[in-house]
Amino acid sequence: MNIELHELTIRQVTESYVDNLEEGVVGYAGRLNIRPKYQREFVYKEAKRNAVIDTIRKGFPLNVMYWAKNDDGSYEILDGQQRTVSFCQYVHGDFAVEIGGYPKFFHNLVPVERDQILDYKLMIYFCEGNDKEKLDWFRIINISGEKLTDQELRNAVYTGTWLTSAKSVFSKSNCAAYGLAKDYVNGSPIRQEFLQTAIGWISGGDIEKYMSIHQHDPNANELWTYFRNVIEWVQLTFTNYRKEMKGLDWGALYDKFKGGMYDTAKLEREIQALMMDDDVTNKKGIYPYVLNRNERHLNIRAFTPNQRREAYERQGSICAKCGVDGFAITEMQADHITPWSKGGKTSADNCKMLCEDCNRRKSDI
């Protein structure tokens with residue numbers, strides 16, 4: 001990784017500044033990609049934005065910024081996007097700050113005050129390296145200010161035709177992915193959470209490898225098709241929507257169970273019964289459970305200390321499985337007499353106590 005410190009003025013950075021909203025933000029005579037298309041909206045609050053201008057006006061130092069140098073000689077901001085947008089917007093006349101008790105836009109300042117801002121010197125590191133080096137470095141420097149998400153960090157590294165295509169579908173406000181799956185996927189498109197979810201699903205969690213392989217693909221049609229297939233499968237398999245369906249790892253369930261033939265009416269009846277079962281404490285886990293039958297998804301309600309004590313006294317400190325006597329209650333575990341899967345409830349009359357060894361062997365079966 002080659003890193004060089006440069007000193008640039010605000011005048012240089014704001015030259016030919018253009019903000020096309022979700023189409024991106026550029027500056028430095030068109031050579032600096034301040035915010036790539038659909039990457040992220042401006043998130044600084046007014047107080048922080050104004051503090052940047054106040055710092056510059058007083059001649060105090062801003063934190064060092066980092067730019068990534070591309071092969072074509074252009075640059076992208078690795079760290080410092082919010083500060084850069086703040087002073088670019090002010091010079092461009094987008095907002096006013098209070099000076100001497102009065103709100104003043106940049107054009108309200110006298111020439112010497114405007115020059116003082118434009119001639120302010122910024123300390124900027126230019127960084128060159130391969131994708132892994134840039135991503136590692138980006139994670140190191142992303143330690144202050146408005147934190148970037150993991151996906152925003154990746155987007156800064158794996159730029160290209162594929163990412164531009166993917167962002168147009170997954171990262172724009174009210175994008176196609178959001179309209180299709182807002183009830184099933186957590187997060188915000190503009191913070192790249194829909195994009196991260198989609199890539200995580202199709203890649204089995206290896207997001208960076210997938211982005212590296214497809215970085216220079218002409219489009220992200222494969223990802224968009226896969227994402228649509230997952231959501232369509234969910235909607236067809238689970239016909240009655242519930243809020244508990246939002247945020248599940250639908251990609252993994254689709255990959256494993258998409259080939260199955262399910263009686264959707266029967267599934268719905270079982271889901272309804274489980275939703276009303278007081279012993280099921282993790283209602284979101286019902287959906288993977290009805291597919292793979294792993295009770296751990298349901299987090300079945302544990303026996304209370306009083307129920308455990310009642311069963312222990314009833315058994316007389318004898319393990320209900322091996323028959324060995326003399327166990328203290330702290331050496332025993334509660335279990336269902338009639339298993340929950342066969343209709344047994346988590347109640348005092350359905351509780352038995354097993355020694356730790358028997359309970360462990362039971363769990364290992």
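Remember, it's a predicted structure, so these values are computed and weren't measured experimentally.
Minimum heavy-atom separation, Gly251 to Val230: N-CG1, 4.1 Å. Looking at every heavy atom in both residues, Cys175 comes nearest to Ser168 through CB-O, 4.3 Å. Of all heavy-atom pairs between Cys88 and Ile34, the closest is SG-CD1, 4.2 Å. Summarising the geometry of Asn292 relative to Asn294, their closest heavy-atom pair is OD1-N, 3.0 Å, with the distance given to 0.1 Å. Pairing each heavy atom of Gln307 with each of Thr304, the nearest pair is OE1-N, 2.9 Å. Closest non-hydrogen pair, Ser317 versus Asp325, comes out as OG-OD1, 2.7 Å.
For the residue pair Asn70/Ser74, the side-chain donor-acceptor check at 3.5 Å is satisfied. In summary, the side chains of Ser171 and Gln192 do present a donor paired with an acceptor at a separation below 3.5 Å, with no hydrogens or angles considered. Between the side chains of Arg154 and Gln151, a donor-acceptor pair is found at a separation under 3.5 Å. In this model, a donor atom of one side chain and an acceptor atom of the other lie less than 3.5 Å apart for Glu222 and Tyr210.
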(request) Kindly determine whether Glu113 and Ile117 satisfy side-chain contact (heavy atoms from CB on, under 4.5 Å), including the steps that lead there. (result) CA-CA 7 Å; Glu113 291 174 321; Ile117 290 175; over 6 Å; no
(request) Decide yes or no on side-chain contact (heavy atoms from CB on, under 4.5 Å) for Val185 and Trp201, but give the supporting numbers first. (result) CA-CA 11 Å; Val185 176; Trp201 286 354; 4.0 Å; yes
(message) Working note: Tyr184 + Leu248, criterion side-chain contact (heavy atoms from CB on, under 4.5 Å); need CA distance, chi angles, decisive distance, verdict.
(response) CA-CA 7 Å; Tyr184 302 94; Leu248 292 173; over 6 Å; no
(request) Step by step, work out the salt bridge (Lys or Arg N to Asp or Glu O under 4.0 Å) result for Arg309 and Glu313. (result) CA-CA 6 Å; Arg309 170 58 70 176; Glu313 297 297 338; 2.7 Å; yes
(request) Show your working on side-chain contact (heavy atoms from CB on, under 4.5 Å) between Phe106 and Leu118 and close with a plain yes or no. (result) CA-CA 10 Å; Phe106 184 73; Leu118 293 174; 3.9 Å; yes
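Using modelled atom types, one side-chain atom of Thr346 and one backbone atom of Arg301 make a donor-acceptor pair closer than 3.5 Å. No side-chain donor-acceptor contact under 3.5 Å links Ser16 to the backbone of Gly30. Asp279 contributes no side-chain N or O that, together with a main-chain N or O of Ile300, makes up a donor-acceptor pair within less than 3.5 Å. Side-chain N or O atoms of Lys121 include none that pairs as donor or acceptor with a backbone N or O of Pro61 at under 3.5 Å. Within the 3.5 Å criterion, the main-chain N or O of Phe60 finds no donor-acceptor partner in the side chain of Thr55. Between the side chain of Gln116 and the main chain of Ile56, a donor-acceptor pair closer than 3.5 Å is present. With hydrogens and angles ignored, the 3.5 Å screen pairs no side-chain donor or acceptor of Thr164 with any backbone N or O of Thr161. Between the side chain of Lys104 and the backbone N or O of Leu109 there is no donor-acceptor pair closer than 3.5 Å. Listed for the Gln333 side chain is no donor-acceptor partner under 3.5 Å among the backbone atoms of Leu354. Of the possible donor and acceptor atoms, none in the side chain of Glu232 sits under 3.5 Å from a partner among the backbone N and O of Asn229.
Between Lys321 and Cys355 there is no side-chain heavy-atom pair separated by less than 4.5 Å. The shortest side-chain heavy-atom distance between Lys345 and Asp277 falls under the 4.5 Å cut-off. Put simply, the side chain of Leu291 reaches to within 4.5 Å of the side chain of Tyr262, judged on heavy atoms. Put simply, the side chain of Arg11 reaches to within 4.5 Å of the side chain of Asp115, judged on heavy atoms. When side chains are defined from C-beta on, Val290 counts as touching Leu274, because their heavy atoms get closer than 4.5 Å. The shortest side-chain heavy-atom distance between Ile77 and Leu32 falls under the 4.5 Å cut-off. No side-chain heavy atom of Trp250 sits under 4.5 Å from any side-chain heavy atom of Thr197. Within the 4.5 Å cutoff, the side chain of Arg49 has no heavy atoms near those of the Val97 side chain.
Residues Leu253 and Ile202 fall within the same hydrophobic cluster, defined by Ile, Leu, Val, Met, Phe, Trp and Tyr side chains chained together at heavy-atom separations under 4.5 Å. In the hydrophobic clustering of this structure, Val280 groups with Met275; members are Ile, Leu, Val, Met, Phe, Trp, Tyr whose side-chain heavy atoms approach within less than 4.5 Å, directly or through other members. Cluster annotation: Val18 and Phe95 are assigned to distinct hydrophobic clusters (Ile/Leu/Val/Met/Phe/Trp/Tyr, side-chain heavy-atom contacts under 4.5 Å, transitive). Under a hydrophobic-cluster definition in which Ile, Leu, Val, Met, Phe, Trp and Tyr are linked whenever side-chain heavy atoms come within less than 4.5 Å, directly or via other members, Val64 and Ile3 are assigned to the same cluster. Tyr17 and Tyr28 fall within the same hydrophobic cluster, defined by Ile, Leu, Val, Met, Phe, Trp and Tyr side-chain heavy atoms under 4.5 Å apart, directly or through other members.
Taking the six-membered ring where tryptophan is involved, the planes of Trp67 and Tyr75 are tilted, since the angle between them lies from 30° to 60°. In this pair, Phe238 and Tyr287 present their aromatic rings perpendicular. The plane angle is above 60°, beyond the 30 to 60° band. Below 30°, between 30° and 60°, or above 60°: for His336 and Phe303 the angle between ring planes is between 30° and 60°, a tilted geometry. Ring geometry for Phe105 against His107 counts as parallel: the plane angle stays under 30°, on a 0 to 90° scale with 60° as the upper cut.
Taking CE from Met353 and CD from Gln315, the interatomic distance works out to 7.0 Å, rounded to the nearest 0.5 Å. Atom-to-atom distance recorded for Asn50:CG and Arg57:CZ is 11.0 Å, nearest 0.5 angstrom. Rounding to the nearest 0.5 Å places CZ of Arg296 at 12.5 Å from CG of Leu298. With rounding to the nearest 0.5 Å, the separation of CE in Met65 from OG1 in Thr84 is 4.0 Å. The distance from atom OH of Tyr66 to atom CG of Leu5, rounded to the nearest 0.5 Å, is 9.0 Å. Here the CZ-CZ distance, from Phe170 to Phe227, works out to 5.5 Å after rounding to the nearest 0.5 Å.
In summary, the aromatic rings of Tyr312 and Phe327 are positioned with their centroids too far apart to meet the 6.0 Å limit.
A salt bridge is defined here as a Lys NZ or Arg NE, NH1 or NH2 lying under 4.0 Å from an Asp or Glu carboxylate O, and Arg242 with Glu268 meets this definition. Salt bridge status for Lys246 with Asp183: absent, with no side-chain N to carboxylate O gap under 4.0 Å.
Counted within 6.0 Å of CG on Asp72, heavy atoms from surrounding residues, nucleotides or ligands total more than 12; the atom is thus considered enclosed.
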